[in-house]
Novice: 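The structure follows.
Atom set for the values below is all heavy atoms of this structure, side chains included, hydrogens, waters and symmetry mates excluded. Each ligand, and each atom within it, is numbered from 1 in the order the structure gives. Along the sequence shown, residues are numbered consecutively beginning with 1.
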Amino acid sequence: MNTRMRRAAVAVAAGAMAVSLAACGSAKESGDKADSSGSAKKGDDIKVGLLLPENATARYEKFDRPLIEKKVKELTDGKGEVVYANAKQDASTQNQQVDTMVTNKVDVLIVDAVDSKAIAGSVKKAKDAGIPVVAYDRLAEGPIDAYTSFDNVTVGKTQGEALLKALGGKAKDGQIVMMNGSSTDPNAAQFKQGAHSVLDGKVKIGREYDTKEWKPENANANMEGAISALGKDKIVGVYSANDGMAGGIITALKAAGIADVPVTGQDAELAGVQRIVTGEQYMSVYKPYPQEADVAAEMAVALAQGKSLDSIAKDKVDSPTNKAVPSVLVPVVSLTKDNIKDTVIKDGIYTVNEICAGKFKAACDKAGLS
Ligand code: BGC
């Protein structure tokens, strides 16, 4: 896993490489300045608090956490430490986790919020205690210092465009079901906005749901409801905001005897990629996690050391509570059967053997993967 992730981190796009190189240069510069001004700045011996929102979606424990830990070590000559907490979908647990980290005097926080509004008070507490906050993947409200994510409206557009392409002429023959993410997650609203901007007027949306806590079982129950409300012969496709929910949706489709309807996803989870190989799922969105994780680590280390973010974060994003937050938004790629090799395999996210293990071997052979 480490070797592969190292390869993945090395395989980042030229743009992001430029970001990190530039970051190194300027970090030194402002560090020198800080030293000469005599203020007591932190060195490499820093403590980074990392808070992730849940562990039902594979990405957090499999990619985000280990990638951030690795990059923090790299940037601090092995001396920096990451203190980790996963909120398991509970916003008040996450607030307590922030409190604990503030009490334990971490030097900086990286927060992927369960609920972007509910976290605002904790962000303020951290700031009041002199601890800078990087909003990770989801734009937390409150006085954050920096933000990194993917271009989330584009994620939704990419999903919508792929669904229309898969539907072709069938778009006129029936209705789709839209399964959006959790209403406490600002990304879910952006995915939804992007998808609607592409789908509206092109296909009839028979039913649409916001899925409580992004849970696959909730998506499964909503899909069962949609099937009985619309009728199993009327559904021509499903917009699913991520792969976890696509799993629950596909289970409901199969149970109702519905086959061959395109289902979208996101995250390039191993199970999602395997369903793409077998044809049960049409697409996913591949988000190069090493790029996002590296930027978050760079931002956090720079902030903890009192250095400028100017060369790391060229963009500015407004949150509902704060204007012009220094930001980096990483581009995404539509993932279908045709480009599995050129994306997740090429970037070292998965090996062919992992994807094509056991019962997936035959489908992999057919798809030209093994
Ligand atoms: C992330 C997705 C993830 C979802 C559920 C979103 O904020 O961007 O990658 O699938 O949350 O955890």
Novice: Test Leu50 against Val83 for side-chain contact (heavy atoms from CB on, under 4.5 Å), laying out the working first.
Specialist: CA-CA 6 Å; Leu50 171 64; Val83 189; over 6 Å; no

Novice: Considering only heavy atoms of Phe191, which atoms of ligand 1 have at least one such atom less than 4.0 Å away?
Specialist: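 It comes down to these atoms of ligand 1: 8 (O).
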
Novice: Hey, is CG on Asp260 packed in by over 12 heavy atoms from elsewhere, all under 6.0 Å?
Specialist: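 No, CG of Asp260 has 12 or fewer neighbouring heavy atoms, counting only those of other groups under 6.0 Å.
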
Novice: What's the shortest distance from atom 9 (O) of ligand 1 to any protein heavy atom, and which residue and atom give it?
Specialist: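 Result for atom 9 (O) of ligand 1: Asp267 OD1, 2.6 Å.
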
Novice: For ligand 1, which atoms have a heavy atom of Lys287 less than 4.0 angstrom away?
Specialist: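 Result: 1 (C), 2 (C), 8 (O), 9 (O).
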
Novice: Are Val177 and Glu208 side-chain neighbours, meaning at least one heavy-atom pair lies under 4.5 Å?
Specialist: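 No, too far: nothing below the 4.5 Å cut-off.
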
Novice: Considering the heavy atoms of Trp214, write down every atom of ligand 1 situated less than 4.0 Å from one of them.
Specialist: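 Ligand 1 atoms under the 4.0 Å threshold to Trp214: 4 (C), 5 (C), 6 (C), 11 (O).
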
Novice: Which ligand 1 atoms does Tyr60 reach within 4.0 Å, using its non-hydrogen atoms?
Specialist: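 Numbered from 1, ligand 1 contributes 1 (C), 3 (C), 4 (C), 5 (C), 11 (O), 12 (O).
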
Novice: Yes or no on side-chain hydrogen bond (donor to acceptor under 3.5 Å, both in side chains) for Asn322 and Tyr147, after CA distance, side-chain angles and deciding distance?
Specialist: CA-CA 11 Å; Asn322 287 66; Tyr147 167 59; over 6 Å; no

Novice: State if Phe150 counts as touching ligand 1 under the rule of any non-hydrogen atom under 4.0 Å.
Specialist: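 Judged by the 4.0 Å heavy-atom criterion, Phe150 does not count as contacting ligand 1.
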
Novice: For atom 11 (O) of ligand 1, grab the closest protein heavy atom and report residue, atom and distance to one decimal in Å.
Specialist: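 Looking only at protein heavy atoms, the one closest to atom 11 (O) of ligand 1 is Arg138 NH2, 2.8 Å.
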
Novice: Compare all side-chain heavy atoms of Val134 with those of Val111 and state whether any distance is below 4.5 angstrom.
Specialist: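 Contact flag for Val134/Val111 side chains = no.
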
Novice: Which of the numbered atoms in ligand 1 are below 4.0 angstrom from a heavy atom of Arg59?
Specialist: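 It comes down to these atoms of ligand 1: 1 (C), 2 (C), 8 (O), 9 (O).
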
Novice: Which of these passes salt bridge (Lys or Arg N to Asp or Glu O under 4.0 Å) with Glu292: Arg59, Lys71, Arg138?
Specialist: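 It is Arg59, the one option of Arg59, Lys71, Arg138 that forms the salt bridge (Lys or Arg N to Asp or Glu O under 4.0 Å) with Glu292.
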
Novice: Near Asn187, which atoms of ligand 1 are under 4.0 Å from a heavy atom of that residue?
Specialist: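 With Asn187 as reference, the close atoms of ligand 1 come out as 6 (C), 7 (O), 8 (O).
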
Novice: Considering only the protein, which heavy-atom contact is closest to atom 12 (O) of ligand 1, and what is its distance?
Specialist: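 For atom 12 (O) of ligand 1, the nearest protein heavy atom is Glu54 OE2, 2.5 Å.
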
Novice: Identify the closest protein heavy atom to atom 8 (O) of ligand 1: which residue and atom is it, and at what distance?
Specialist: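 Nearest neighbour among protein heavy atoms for atom 8 (O) of ligand 1, to 0.1 Å: Asp137 OD2, 2.6 Å.
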
Novice: Can you tell me which residue and heavy atom of the protein come closest to atom 6 (C) of ligand 1, and the distance to 0.1 Å?
Specialist: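 Answer for atom 6 (C) of ligand 1: Asp185 OD2, 3.2 Å.
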
Novice: Thinking salt bridges, do Lys73 and Glu69 make one under a 4.0 Å N-O criterion?
Specialist: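 So Lys73 does not pair with Glu69 through a salt bridge.
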
Novice: Check whether any side-chain heavy atom of Leu335 lies under 4.5 Å from a side-chain heavy atom of Val285, and answer yes or no.
Specialist: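 Heavy-atom side-chain distance check fails, nothing below 4.5 Å.
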
